[in-house]
Amino acid sequence: MALGVAGSLVLLASACGGDDGSSGGSSGGAGALEGRGPITFATGKDTSGFLPKQVAAWNSQHPTEKVEIKELPEDADAQRQQMVQNAQNKSDAFSVLNMDVVWTSEFAANQWITQIPEDKVPDLGKLIPATVETAKYRDKLYAVPITSDGGLLYYRSDLLTKAGVEAPKTWDEMLAACLKVQALPEAKGMSCYAGQFEKYEGLTVNFSEAINSAGGVIVDKDGKPNVDTPEALAGLQELTKGFSTGAIPKAAVTYKEEESRRAFQEGKLLFLRNWPYVYALAGKTDGSSKIAGKFGVAPLPGKTGPGVSSLGGHDYAISQFAKNKATAVDFINFMASEERQKANIQGTSQAPTYASLYDDPELTKAFPYLAPLKASILGAQPRPRVVKYGDVTAAIQTAAYDALKNGKDPKQALSELQTKLSTLITQ
Amino acid sequence: MSESAPVNNRTESKAGKRVTSFNEGTGRLAAILLSPTLIVLALVVLYPIVSALRESLYTSGQRLDANGFIVKGSTFVGLDNYSAIFHGDTADRFWTAFYNTTFFTVVCVVLETVLGVAMALIMHKAFRGRSVVRAAILVPWAIPTVVSALLWKWIFQADGIANTLLGSQILWSTDGWQAKLSIIVADTWKTAPFIGLLVLAGLQTIPAEVYEAAKVDGASVLQTFRRITLPLVKPALLVAVLFRILDTLRIFDLPFVLVGPHKPSVETLSMLGYDEAFNTRYGPAAAYATVLFVYVAAVAYVFVKLLGADVIGEARAKKPGGGGRAQRKRDAALPAPAVGVTSVGGGM
């Protein structure tokens, strides 16, 4: 009962605050983020064990505004489900939400998260612009990007050196390099390239990267789907061609991140598209990887020049129904600060969003992939920022999978996808 | 829960006219004693069903206002959520899922019944190491479905054991017949022991004298099985099969984990409902759950009607001549096993 009353009061307060924010633009949102005191931080399972240290650093400086960690399941879908349920019950149990970058539009459109006036986030200009875009809905800021992620091209440096070729910058260069390397006796039976082509979120990522790298878009700047274009077709055809020529192994339609990493580590692949986490695992010298010390990383290749990666990572947002939002925004700024982000990459090897950290000598020494990762993230594009993301990504996966696995004509797959997206994205 | 009411009814009709006053008192006492149970049942069974049915008539959160915010509140749409299932491009998806659900139920349950009976016969035989065999057969049933789905996922992956043994390059988890086959294999592996277990219990109630008599009369093994074993384990077998049918009609976790969502060749009705609920369209999700609930109830009704499965153990209590009434009671009790379906759907 008391909870209900408190909840409705908070709702009332936040409803008023919301009005202020939308009418006053970026300057008049002061009323929206009020209240100081203890808050909670809802986040996916912390597998590194490092998060409590970060939060302890905050708690020791702010004894009256302590942050309590609420650990959600490891699976991203289950995290989202709990956050959605929490919002639909208008519960104030979660104050700060650790969200996947693709959830922002849905959560903002449903008013499950609070708009954050940009002047409340002093460091915003120091973050990588592409990551800040993921935190916006209709040009208004709803979250602050804390970690980022970008695709990298892993390659067998030992074999490339032996064949006398350099890391490729375009798809054509990559295929040419494959032909040269596959002529070597050591490369017998190896496939050229693989990404993640199983029917799941990773396929949306790989499909988006192929299309963006060929100069196409899925959703254009005005938020309209525009996938039935020659550029998009060129991108998708690059993948279908890879499968039909055998440059991409048939088994790659069953690959998620881990399957493709294993294939690369077992020496079955010459090139692999994957996330930075692979670097540490593939370099292990305990016998789990056959290619330790024999691989390098480069930015993703594209059609005519460097490719475009899809952005991964996490943004922190404030629940619409939370109490003590002033504390919440301070905590988010604390976690977004250069000092905390540096500590975070050292503790968890998650990529930061703070641009200067990519040139930090201490970090580039510890994480040799930071330079190509910086190139990857600087040129990266967010996946479609749409309210019905769940339906949009399912439609993209269906179109891509039909073309890659079921042999549907790429042009037809794209024109069907365009029709489908037009019904899903109504602005 | 359904058992208590009929028992009370029977006493009433039997002794009805003679000791009316005593009976009235008993009835009232019974009502008072049962009321907490009934209230709890109404709360945990009836309320979710009714609320899911109500939810299925509404829709919410599908329109954006000028500022890009979802319009709040839910709108009454009547049967629109239901007609949407059967019209437009969702109809294809629905009928594919309907076909898959039915296909898995028929194929899996038939295979499981045959294998389950065979397992029961083996477990029933007296031989050295019988306990080891029994334990080995029951292990799959003890493993949670999601875990066994992961297990089979490893077996069926591109460089997994299945392909190594077959010396082939079949991509099991991709869309197509092979995905269907992998579901059937995994489901049969996991649940045939369940039928085996129930049939074994039935087998152990058959007195040894019956078999001895058959032996004396010179009956062959096949004759003994057909004329003695099968009729005597029939009540247990039918209950086991009915439970498997109800379970398989709701199949979700095995295809979801082993093959993955949005794959037309293995998508089932509960996966459609889940998908709608996941995208916060609770109205259509409830409509899918209701359609599935009706389908499950109908299949169970037909099964019981045709084969007379003794779901609530009434046959043993049945008096000569009381068959008609008992039959009605059984039908009335039927939706009970299917209840879980709607509460799952509605609960999301």
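By convention in this document, chain letters (A, B, ...) are assigned in the order of the sequence lines, proteins followed by strands, and residues within each chain are numbered from 1. Predicted model, so just to flag it, every value in this text is computed and none were measured.
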Under a 4.5 Å heavy-atom cutoff, which of A:Asn406, A:Val253, A:Val84, A:Asp77 has the most pairs with chain B? A:Asp77

Locate the shortest heavy-atom distance separating A:Arg80 from B:Asn279; write the atom from each residue and the value. NH2-CA, 4.2 Å

Would you check, one step at a time, whether the test side-chain contact (heavy atoms from CB on, under 4.5 Å) holds for A:Gln397 with B:Lys263? CA-CA 10 Å; A:Gln397 289 163 31; B:Lys263 301 248 177 94; over 6 Å; no

Could you report the tightest heavy-atom contact between A:Asp391 and B:Arg281, atom names first, then the distance? OD2-NH1, 2.7 Å

Any Lys/Arg nitrogen of B:Asp159 or A:Arg262 sitting under 4.0 Å from an Asp/Glu carboxylate oxygen of the other? no

More than 12 non-hydrogen atoms from neighbouring residues, nucleotides or ligands closer than 6.0 Å to CZ on B:Phe86, yes or no? yes

Minimal non-hydrogen separation, A:Tyr401 against B:Asp175, with atom names: OH-N, 3.5 Å

Per-residue tally against chain A (heavy atom, under 4.5 Å) across B:Ile70, B:Val71, B:Asp65 peaks at B:Ile70

Using a cut-off of 6.0 Å, state whether more than 12 heavy atoms not belonging to A:Lys188 lie near its atom NZ. no

Look at the side chain of A:Lys199 and the backbone N and O of B:His262, then say whether any donor-acceptor pair between them is shorter than 3.5 Å. yes

So what's closer than 4.5 Å to chain B heavy atoms on A:Tyr389: side chain, backbone, both or neither? neither

Rounded to the nearest 0.5 angstrom, the OG-CD distance for B:Ser60 and A:Gln88 is 7.5 Å

Which value, rounded to the nearest 0.5 Å, describes the distance between B:Asp89 atom CG and A:Lys420 atom NZ? 4.5 Å

Is A:Ala263 in contact with chain B via its backbone, its side chain, both, or neither, using a 4.5 Å heavy-atom distance? neither

Does NZ or CZ of A:Arg138 lie under 6.0 Å from the centre of the six-membered ring of B:Phe69, at an angle within 45° of the ring axis? no

Check whether A:Tyr137 reaches the backbone of B:Gly68 with its side chain - one donor and one acceptor, N or O, closer than 3.5 Å. yes

Gap separating the CD atom of A:Gln85 from the OG1 atom of B:Thr280, nearest 0.5 angstrom: 11.5 Å

Heavy-atom pair of closest approach, residues A:Thr254 and B:Ala158: OG1-CB, 3.8 Å

For A:Ala251 and B:Leu171, the nearest pair of non-hydrogen atoms, with its separation, is CA-CD2, 3.7 Å

